[in-house]
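To start, the structure under review is shown below, and the notes come after it.
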There are 2 protein chains.
Amino acid sequence: MKTHTVVIVEDHVLLSQAIASLVNSFKDFDVLFTCKNGKELLTKLKTPNNIPDIILMDVNMPILNGIETTEIIKNEYPKINVIALSVEENDITIIKMLKAGAKGYLLKDVEKDVLELALTETIKHGYYHTKDVSNILINSLNEDDSSKIQIKDREREFIIHTCSEMTYKEIAEKMFLSPKTIDGYRDNLFQKLQVKNRIGLVLYAIKNGIYKL
Amino acid sequence: MKTHTVVIVEDHVLLSQAIASLVNSFKDFDVLFTCKNGKELLTKLKTPNNIPDIILMDVNMPILNGIETTEIIKNEYPKINVIALSVEENDITIIKMLKAGAKGYLLKDVEKDVLELALTETIKHGYYHTKDVSNILINSLNEDDSSKIQIKDREREFIIHTCSEMTYKEIAEKMFLSPKTIDGYRDNLFQKLQVKNRIGLVLYAIKNGIYKL
DNA sequence: ATTAAAAAGGGGAAAAACACCCATTAAGTA
DNA sequence: TACTTAATGGGTGTTTTTCCCCTTTTTAAT
């Protein structure tokens, strides 16, 4: 069996290099290069002979995050297999990542053998999922769409601003909307998320990765 | 120069093993074992011939966190050098960790060479600090005692209730105080913590472990 | 015992948040 | 086309929060 190439995208350099060291220790895999975010990745991919078989992609990154980056990769380099690597056990994040085109989703607390298996299987079959992630997926499919709480982009924006200690008036200005529309967003979300006030909104946002501390 | 031993404490297994792989690639260092939290560490240290020269300790862990664990290590195994490894750039966390007895504090986005240097220097001189961390320390020393923001028990109670989506009237009843006293608590805390409204209070509480999600 | 400081409580007013109602417009779809 | 739905925003009123400045009570210290 020939050796396959891997690229690691991870904002924490030390972890990035540590994972690289681990991957290099696997029999059939070599790390081509590592980078700190999606933007850097896209730049480096433009160099000839720099196209890996697999990208190990962190989900939470500054500049260009894992989801957005994966979408671009899927379109521009459809032959590259992206495997997500994350601490996020959040259903919505996982689904978004897979929708974006990731061939696998690994939690950062798996054993190194699982990583090697994921790499091997992805090369062989084009996908790999741990039991954990599969279960999460099945559960989230069983929840029929009606019970699935959906937050729109514009609402998400509103929530983030609310978490930033802004008043509704300030948020309205920032989002170029009438204060009354903001009122509506709030009323809707309170109802949808079953919270009593802005505090509940903030807690929900933090728990669900909408707002990062 | 003889080879020194390292133990890695990190809750995400894959990262733990990845860092182990990296450390093993350093000329003068070998990983003795890895573990997932402070509790596991303390258990494993009890086995004879299991005492490392250096412990690389993650700060944010479940069960027994880095700070508490380091304190115990300092008392029970004073010859072991603890180096903190974290994503937290938060002044208070760093200071707490160093006070607990850590000989160094590395951010997870340093280069692997820095990790090797930190290990070497710690063996040689008993400590190592990156420029980043040193600067943070100097800055926080210049801030006259602002790091010792003290929150009283009664205030802490008030904050927790605020985080529980209660109104001030409800909190007043629960704490057997006049709403006006609650007003005073709030005004004081806003001033003390430099926040603009209840949201800021909630964020502070979560960041500082006063309120647990 | 005297004094100082901290904790608790108060009055009043402005701003913000919250809770309903309903109207318009744009976009999608049967 | 007609019907539906989503997004936006207006009206009105109540409640809560926030921000002043102030007094009394309790606790701690000299």
Side-chain angles (χ1 to χ4, degrees), chain A residues 92 95-96 99 143-208 210-211, chain B residues 144-208 210-211 213:
Chain A
I92 296 143
I95 289 167
K96 271 194 182 168
K99 261 193 187 163
E143 289 163 19
D144 59 328
D145 282 343
S146 60
S147 71
K148 192 182 293 174
I149 296 164
Q150 171 117 314
I151 290 168
K152 292 162 209 120
D153 285 354
R154 209 69 178 147
E155 286 178 334
R156 180 175 298 266
E157 232 180 288
F158 159 73
I159 292 174
I160 291 169
H161 287 137
T162 303
C163 292
S164 310
E165 296 182 62
M166 289 168 77
T167 67
Y168 294 136
K169 200 164 66 167
E170 290 168 341
I171 296 173
E173 280 167 22
K174 191 128 200 166
M175 292 179 69
F176 300 107
L177 290 172
S178 150
K180 277 297 169 183
T181 309
I182 298 295
D183 267 18
Y185 281 17
R186 183 204 52 221
D187 291 352
N188 259 329
L189 284 166
F190 279 13
Q191 164 63 27
K192 192 151 67 179
L193 307 179
Q194 289 290 299
V195 298
K196 290 177 63 179
N197 52 35
R198 287 176 307 153
I199 305 280
L201 211 58
V202 170
L203 297 177
Y204 179 91
I206 294 170
K207 282 181 194 157
N208 293 275
I210 293 171
Y211 182 78
Chain B
D144 52 330
D145 276 348
S146 69
S147 63
K148 70 157 194 202
I149 293 168
Q150 175 112 313
I151 289 166
K152 292 162 208 120
D153 285 354
R154 211 66 180 153
E155 286 177 335
R156 181 174 297 264
E157 228 180 291
F158 159 73
I159 292 175
I160 291 169
H161 287 137
T162 304
C163 292
S164 310
E165 296 182 60
M166 291 168 76
T167 67
Y168 294 135
K169 198 164 67 166
E170 290 168 340
I171 296 173
E173 280 166 22
K174 191 128 199 168
M175 291 179 70
F176 301 107
L177 289 173
S178 150
K180 279 296 169 183
T181 308
I182 298 295
D183 268 19
Y185 282 18
R186 183 204 52 223
D187 291 353
N188 259 329
L189 284 166
F190 280 12
Q191 166 63 26
K192 193 151 67 178
L193 307 179
Q194 289 289 298
V195 298
K196 289 177 64 178
N197 51 35
R198 287 178 308 154
I199 305 279
L201 211 58
V202 171
L203 296 178
Y204 179 91
I206 294 170
K207 282 182 194 157
N208 293 275
I210 293 171
Y211 182 78
L213 286 171

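Sequence lines set the chain letters: A, B, ... in the order given, protein chains first and strands last, and positions in each chain run from 1.
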Distances for protein N or O near nucleotides 26-29 of chain C N or O, under 3.5 Å:
none

> Do any N or O atoms from the side chain of N197(B) and from the backbone of I199(B) form a donor-acceptor pair under 3.5 angstrom?
Replying inline: yes

>> Judged by each residue's nearest nucleotide on DNA chain C, which is more toward the 5′ side, Y185(B) or I199(A)?
In response: Y185(B)

> Can you tell me how far P of dC21(D) sits from CD of Q191(B), to the nearest Å?
Replying inline: 13 Å

> When every nucleotide of nucleotides 10-17 of chain C is labelled 5' to 3' by its protein contacts under 4.0 Å (heavy atoms), B for base, S for sugar-phosphate only, - for none, what sequence of letters results?
Replying inline: BBB---SS

> Does the side chain of L177(A) reach to within under 4.5 Å of the side chain of F158(A), using non-hydrogen atoms?
Replying inline: no

>> Tell me the interatomic distance from E165(B), atom CD, to dT17(D), atom P, rounded to whole angstroms.
In response: 12 Å

> Going from NZ on K192(A) to NZ on K152(A), what distance comes out if it is rounded to the nearest 0.5 angstrom?
Replying inline: 4.0 Å

>> To the nearest 0.5 Å, what is the distance between NZ on K174(B) and CD1 on I171(B)?
In response: 10.0 Å

>> Without decimals, in angstroms, what is the distance between E155(A) CD and dA7(D) P?
In response: 7 Å

>> Can you measure R154(B) atom CZ to dA8(C) atom C1' for me and round it to whole angstrom units?
In response: 11 Å

>> In this structure, how many angstroms lie between the C1' atom of dA5(C) and the NZ atom of K152(B), rounded?
In response: 11 Å

> Under 4.5 Å between any side-chain heavy atoms of Y168(A) and R198(A), yes or no?
Replying inline: yes

>> Quick one, M175(B) and R154(B) - any side-chain contact, counting heavy atoms below 4.5 Å?
In response: yes

> Can you name the nearest heavy-atom pair linking A205(B) to C163(B), along with the distance?
Replying inline: CB-SG, 3.8 Å

> Can you check the L177(A) CG to dG10(D) C1' distance for me, whole Å?
Replying inline: 14 Å

>> Please report the distance, rounded to the nearest Å, between CD1 in I171(B) and C1' in dT15(D).
In response: 15 Å

>> So for the helix from dA1(C)-dT30(D) to dA30(C)-dT1(D), with five pairs setting each end axis, what is the inter-axis angle to 10°?
In response: 40°

> Does a sphere of radius 6.0 Å around NZ in K169(B) hold more than 12 heavy atoms from other residues, nucleotides or ligands, not counting ones at 6.0 Å or beyond?
Replying inline: no

>> Within the 4.5 Å heavy-atom criterion, are I159(B) and Y211(B) side-chain neighbours or not?
In response: no

> Going by heavy atoms in the side chains, are D183(A) and K180(A) under 4.5 Å from each other?
Replying inline: yes

> When the distance from CG of N188(B) to C1' of dA8(C) is rounded to whole Å, what number comes out?
Replying inline: 12 Å

>> Donor-acceptor check, side chain of E165(A) to backbone of T162(A), threshold 3.5 angstrom: yes or no?
In response: no

